[in-house]
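Notes to accompany the following structure.
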Amino acid sequence: MQSASWPAVSSSRLLLQALEELAANPEQSAAVRETGHCVVLAGPGSGKTKTLTTAMARALAEDVVEPRGVACITYNNECAIELEMRLARLGMEAGDRVFVGTVHGFALSQVIAPYARCVPIGLPADFRVAKRAEMRASVEAAYAVAIAGTDDPHRRWSFASEKRRRDVDRTRPEWRGRNPELAMFIEAYEFKLRQQGLIDFDDMPLLAYRMIKEHDWIRDALRARFPILFVDEYQDLGHALHELVLLSCFGGGIRLFAVGDADQSIYGFTGANPELLEGLTERPDVRTIRLRFNYRSGRKIVRASLGALGEERDYRERAGAPEGELTFWSTTQGLDMQARAIAETVVPKLVEKGIPLDEIAVLYRAAYLGDKVADALKQADIPFVRTDGNALVRRSSRLARFIEDCARWVVGGWRDADPRYSRLIYRASLLVFGRHATADEERFLSEQLIGFLQSTIGHVDGTHAWLQRFDRELISSWRSIGRNSEQEWDVCVEMIANTDPASSLDMPLGHFAGRVGGTGRVNLSTLHSVKGREFDAVVMYGVNARDFPSERDKRTAGALRETRRLFYVGVTRPRKELGLIFQENQQSPWVNELYQRSKADDSDAGVGL
Ligand SMILES: Nc1ncnc2c1ncn2[C@@H]1O[C@H](COP(=O)(O)OP(=O)(O)OP(=O)(O)O)[C@@H](O)[C@H]1O
């Protein structure tokens, strides 16, 4: 839940280049130049994020006069970090004019932290975010007061949480009209938290909403700072963000630029609702632009993806797109054998075709499946990086990614400036001091960092020992001097535990850093975490009938639709090669549909099945 800020500079050369790249596409160009509210709706790979980042750079250069800036909200920290990297490629360097972060980060850092002490919102000046145990205790105490029943308070709280996320505006009749008992439960819970000077995660957008709604001057202050609000992945952002948008943009004069795809809405369990995005397009004051071309995937993959979704859409591959390859792999047994087949056959075949390891992704539904693939790849001595709950490097942690990049520098990056030392020191300063470091502080930090990095060039004792040194020589000092309250220094301790040689988890530093003879590492990711990313080749692991969809998915029509969209998100990630692996004669019915659709107007539909 951090954020980053950039100054005014968007290099005009990079911006011109980006505008030129979009010039052949009239819809993208129109969106980038739009100066009113704009919603871009489009399918996978159609350049929504590219359009959004270019629109941000153009707006900063042409529409927004310094010191004003723009804010960009996206689904989670991982998406925010990806967006920051894309913006950096457009020449947007750090400073105070651009916010990129989650809706929670925006609410906390741009509304609650600066203004909470000026309005009667019930927060003490030194409020903090509740820990899990404090939240659980508050749920139990609130249950005793508000409900005093005999069922499990936490089970009941899951219904209350849903209401809390959905009924954002509590002045509306449905707050008490619909399930009043839950409303009392929620209020009692929040009261318990406030008594201890605490807020929780869901409080953040709710409190920000209330503050903006009740105090016009806060809305004016926000507009003064950020006259334009950009939102990526709108379909997954839920009711709180939607209400904030209605209030600040349509009611408060901030210009909105939102992009999204209802077909890729996969976070219903957190309160997301694709209809909110559709609703925006019906407003007369919003210009809706639909993009039609898929720039990412080969023709065969684009067609197959429509079979995966199970609905027709007016999306096409771009003119001159490569064919793309579709391969079906079946094994005689279940998931373990499928994992071995990936390591022993599928990945080596992709590498034979010239696809580098870091351009291959293996996708699955849950982290325990990632364990199976990870074990099989280890056996085959194929390096990999995970993006799931069991990942060694948490993709949502800036500190974890910084440590990984330091390792990259140490194992060879120092030679070819990949990554550049200036970026590393800049990021270290942000991590330790937040946005404002003195010249002395920067000098001290730089001497410390370069001293450590240089002394570990040529390190041969494995990642575990290197991380221990990192913790001892850098983190322990940063813990004591750090001013950035959002920092999770324990991430390094976690990584040390996750590379414990006693459990055979250690690896050469080059594997950890993704520099193995220039080939990098295979990406292992859950389908949820892969949103927004793309690779040359994607292997969908375990697409068996019992999992796609599972019995649980079949319980409600909504859950079934969402799982199908999840399948679609996976299928739409590859540029050139899509492989699906399943147990013989037990493939998901969606694999059959995908196959049929890909065959519909082509005799050469794919290999196998
Ligand atoms: N006009 C264009 N010309 C060439 N390439 C483009 C163009 N627009 C987008 N691309 C490329 O297409 C790919 C997909 O773009 P992007 O990631 O922005 O799509 P998206 O709509 O956000 O995808 P998704 O919703 O699947 O995450 C990227 O590699 C991007 O550089």
Side-chain angles (χ1 to χ4, degrees), residues 14-33 38-58 72 74-76 78-90 230-237 257-267 272 274 277 289-299 301-302 304-306 308-309 313-322 324 359 361 363 387 523 525 527-538 565-576 578:
L14 291 169
L15 172 59
L16 278 179
Q17 213 173 312
L19 289 171
E20 251 166 52
E21 273 182 48
L22 304 188
N25 183 317
E27 290 90 8
Q28 284 180 327
S29 296
V32 165
R33 291 178 203 288
C38 181
V39 170
V40 177
L41 286 185
S46 53
K48 293 184 294 300
T49 309
K50 194 178 173 79
T51 306
L52 176 128
T53 48
T54 313
M56 268 175 91
R58 193 206 61 74
C72 178
T74 186
Y75 179 70
N76 59 18
E78 214 172 307
C79 298
I81 294 173
E82 294 295 332
L83 266 181
E84 284 168 21
M85 292 190 317
R86 288 203 190 203
L87 289 167
R89 275 180 240 135
L90 279 172
F230 290 83
V231 185
D232 195 15
E233 311 272 11
Y234 199 97
Q235 75 281 353
D236 278 325
L237 279 158
F257 187 103
V259 307
D261 178 10
D263 291 336
Q264 293 186 67
S265 171
I266 53 175
Y267 282 98
L277 173 63
I289 295 184
R290 291 174 203 272
L291 308 180
R292 291 166 298 137
F293 294 105
N294 181 325
Y295 286 94
R296 175 179 299 141
S297 305
R299 195 167 67 93
I301 298 170
V302 173
S305 73
L306 294 174
L309 182 66
R313 293 282 180 267
D314 184 22
Y315 302 141
R316 261 167 289 154
E317 66 282 354
R318 70 186 151 83
E359 277 296 342
L363 309 182
T387 316
N523 299 278
S525 176
L527 288 160
H528 278 103
S529 294
V530 81
K531 206 148 71 83
R533 301 182 68 194
E534 59 186 18
F535 307 89
D536 279 353
V538 164
R565 291 197 293 258
L566 190 62
F567 182 62
Y568 175 67
V569 165
V571 164
T572 53
R573 298 304 100 198
R575 297 188 193 97
K576 302 177 184 163
L578 172 64

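Throughout, numbering of the chain's residues begins at 1 and tracks the sequence. Atoms within a ligand are numbered from 1 in the order they appear, just like the ligands themselves. The analysis underlying the following values was restricted to heavy atoms, covering all of them including side chains, and did not include hydrogens, waters or symmetry mates.
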- Task: Would you please name every residue forming a side chain to side chain contact (heavy atoms under 4.5 Å, CB included) with Gln17, sequence neighbours left out?
- Result: Arg13, Leu14

- Task: Output all residues satisfying side chain to side chain contact (heavy atoms under 4.5 Å, CB included) with Ala30, sequence neighbours left out; order by chain, then residue number.
- Result: Arg287, Ile289

- Query: Only one of Glu233, Arg86, Glu82 forms a side chain to side chain contact (heavy atoms under 4.5 Å, CB included) with Thr49, so which one is it?
  - Reply: Arg86

- Message: Given 3.5 Å as the limit, does a donor-acceptor pair link the side chain of Ser46 with the main chain of Arg292, or not?
- Response: no

- Message: Check whether Tyr315 reaches the backbone of Gly43 with its side chain - one donor and one acceptor, N or O, closer than 3.5 Å.
- Response: yes

- Item | Any residue meeting side-chain hydrogen bond (donor to acceptor under 3.5 Å, both in side chains) with Asp261, in chain and number order, not counting sequence neighbours | Gln264

- Under a 4.0 Å heavy-atom cut-off, what residues line ligand 1?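 Residue list for ligand 1: Glu21, Leu22, Gln28, Gly43, Pro44, Gly45, Ser46, Gly47, Lys48, Thr49, Lys50, Arg86, Gln264, Tyr295, Arg296, Gly532, Glu534, Arg573.
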
